[in-house]
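In this text the structure is predicted, and so the values were computed from the model without any measurement.
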Amino acid sequence: MAKGEGAESGSAAGLLPTSILQAGERPAQVKIYLLDVAQVDPFSASIILFVGRAWDAITDPLVGFCISKSSWTRLGRLMPWIIFSTPLAIIAYFLIWFVPDFPRGQALWYLLFYCLFETLVTCFHVPYSALTMFISTEQSERDSATAYRMTVEVMGTVLGTAIQGQIVGQADTPCLQDPNDSAVVSEGVNRTHSTTSLKETAYLLAAGVIASIYVICAVILTVGVREQREPYKTQQAEHMSFFRGLRLVMSHGPYVKLITGFLFTSLAFMLVEGNFALFCTYTLGFRNEFQNLLLAIMLSATFTIPIWQWFLTRFGKKTAVYIGISSAVPFLILVAFMESNLIVTYVVAVAAGISVAAAFLLPWSMLPDVIDDFHLKQPHSRGTEPIFFSFYVFFTKFASGVSLGISTLSLDFAGYQTRGCSQPAHVKFTLKMLVTIAPIVLILLGLLLFRLYPIDEEKRRQNKKALQALRDEASSSGCSDTDSTELASIL
């Protein structure tokens with residue numbers, strides 16, 4: 001067995017905690033909860049979502065730097081962060097789905113615990129992501145581990161979405177036929193008070209089930225994965241300050257080009273994801289189907305990630321990027337022009353999952369190649385892996401905050417009516433633009449920028465040979481030092 005293979009299954013299973021936990025607090029789910037259950041006004045909801053995601057993005061590089069300065073322990077350098085953040089993250093997760101009794105302070109309550117939860121999940125997710133660089137030194141094994149990891153992440157997302165969707169769906173909150181009519185609103189409030197309370201309980205029950213699975217999988221991760229150290233990094237490694245590390249990372253050309261291209265494509269898929277539920281409910285009229293449609297997308301992505309892993313191994317990662325991500329464009333165009341048809345919508349959802357799989361897998365598969373290239377140019381810079389991963393997550397989450405803020409404010413300006421059975425024509429048009437035209441433009445911009453990315457398959461092979469030479473040199477140097485020490489002790 002190759003030395004990286006033993007950790008692949010344990011590492012993959014270990015990602016289930018963050019994916020299943022974050023599936024419940026995905027932006028689309030939180031938006032619906034804030035607007036329809038907690039009944040926070042759209043403007044306050046947009047502030048909560050945007051500030052929460054922006055804060056989450058800011059904490060990523062800070063946590064990444066703190067991890068890079070951490071000392072190695074018998075558990076490793078990354079595992080202690082994972083172990084100690086888990087119980088605190090579960091507590092914060094519960095409090096997100098609790099409706100406080102003080103309506104005037106609700107927005108502050110959700111903002112506080114949303115930011116706290118995102119911070120704690122960052123303390124789990126950044127070291128977990130960086131584990132890819134520490135379970136093996138072989139590019140092929142890292143790629144295989146990444147494929148395992150992303151497959152299980154999507155499976156965790158499917159599981160979390162199914163658990164919350166099925167439990168919460170049993171306590172559906174009735175909509176209001178005319179939210180502007182005070183008599184209807186008064187009658188609706190009296191009629192749905194018990195139903196709303198039941199739905200609050202359903203959210204808490206779903207949180208309990210999801211948190212239980214989170215704990216089990218975190219234990220699997222802790223027991224099943226062991227970190228490895230690069231032999232050449234133990235010699236002549238230098239400490240660096242936060243700003244020097246930031247400057248080195250952000251001045252590395254391939255890294256900047258990679259995150260710039262994927263910043264636009266990530267923003268495109270986040271706009272679709274963040275508005276998909278409302279688009280299905282109000283524009284297409286499938287109020288009771290959006291959970292099933294979301295599951296169709298995620299299941300399709302789960303089954304096609306292994307196919308994309310084979311494709312990038314056979315034809316190269318850049319080719320996989322162009323074909324995989326651009327394949328979403330025809331289906332987004334079809335959504336823009338099609339009438340409300342449930343069968344066609346399911347077909348589009350399954351096809352969209354294929355492109356989502358590529359968007360899930362490829363950035364994480366290409367990031368280790370960038371880090372290897374950086375190590376060749378900066379061989380004495382120690383512990384930069386968490387900084388690379390954390391800044392990639394930073395830009396992704398910042399894009400998520402921007403997409404949430406823009407989409408929620410756009411709906412507010414278009415006249416979105418909380419808990420309305422239907423929405424004005426301006427709202428339906430805005431949802432269609434947010435789910436179709438805007439993502440198409442962003443995907444095309446991202447693919448154009450990605451042409452500048454310099455690491456192709458030939459460059460990867462050259463880097464692999466150069467890194468192996470460094471490891472051989474470090475190993476022979478270590479053996480020489482050991483022999484000299486033993487000779488000195490004998491004399």
(message) For D60, give me all partners under salt bridge (charged side-chain N to carboxylate O under 4.0 Å, His left out), at least two apart in sequence or on another chain.
(response)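 Applying salt bridge (charged side-chain N to carboxylate O under 4.0 Å, His left out) to D60 gives K397.
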
(message) Checking D143 now: which residues fulfil salt bridge (charged side-chain N to carboxylate O under 4.0 Å, His left out) with it, not counting sequence neighbours?
(response)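 Partners of D143 under the salt bridge (charged side-chain N to carboxylate O under 4.0 Å, His left out) test: K317, R460.
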
(message) Taking side-chain contact (heavy atoms from CB on, under 4.5 Å) as the criterion, tell me which of I455, L449, V370 meets it with L258.
(response)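 Checked I455, L449, V370 against L258; only one passes side-chain contact (heavy atoms from CB on, under 4.5 Å): V370.
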
Ignoring hydrogens, what is the shortest heavy-atom contact between [X] and [Y]? Give both atom names and the distance.
X: Q309; Y: A147; result: OE1-CB, 3.4 Å
X: A301; Y: V356; result: CB-CG1, 4.2 Å
X: V126; Y: G64; result: CG1-CA, 4.1 Å
X: L120; Y: S85; result: O-CB, 3.7 Å
X: I259; Y: V256; result: CG1-O, 3.4 Å
X: P439; Y: L271; result: CG-CB, 4.3 Å

(request) Evaluate the criterion side-chain contact (heavy atoms from CB on, under 4.5 Å) for residue pair I323 and W308; output intermediate values, then yes/no. (result) CA-CA 10 Å; I323 296 178; W308 284 118; 4.1 Å; yes

(request) Anything under 30° is parallel, anything over 60° is perpendicular, the rest tilted; go ahead and classify F124 against Y214. (result)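 Ring orientation, 0 to 90° scale: tilted.
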
(request) Assign the ring pair F389 / W364 to parallel, tilted or perpendicular, where the plane angle (0 to 90°) is split at 30° and 60°. (result)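 The arrangement is parallel - the two ring planes meet at less than 30°.
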
(message) To the nearest 0.5 Å, what is the distance between CG on L362 and CG on L312?
(response)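 Reported to 0.5 Å precision, the distance equals 6.0 Å.
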
(message) Rounded to the nearest 0.5 Å, what separates atom CD in E118 from atom OG1 in T122?
(response)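 Those atoms lie 6.5 Å apart.
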
(request) Dump the intermediate steps for ring-ring contact (aromatic ring centres under 6.0 Å, His included) on Y114 and W55, then the final yes or no. (result) CA-CA 10 Å; Y114 191 51; W55 170 254; over 10 Å; no

(message) Taking the ring centre of each residue, are F388 and F374 less than 6.0 Å apart?
(response)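 Ring centroids of F388 and F374 are less than 6.0 Å from each other.
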
(message) According to ring-ring contact (aromatic ring centres under 6.0 Å, His included), who are the partners of F113, at least two apart in sequence or on a separate chain?
(response)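 Applying ring-ring contact (aromatic ring centres under 6.0 Å, His included) to F113 gives W109.
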
(request) Could you list the residues that satisfy ring-ring contact (aromatic ring centres under 6.0 Å, His included) with Y453, not counting sequence neighbours? (result)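 Partners of Y453 by the ring-ring contact (aromatic ring centres under 6.0 Å, His included) criterion, ordered by chain and then number, come out as F450.
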
(request) Please collect all salt bridge (Lys or Arg N to Asp or Glu O under 4.0 Å) contacts where either partner lies in residues 429-455, sequence neighbours excluded, each pair once. (result)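 Not a single pair qualifies under salt bridge (Lys or Arg N to Asp or Glu O under 4.0 Å).
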
Side-chain donor-acceptor distances from residues 330-338 under 3.5 Å, at least two apart:
none

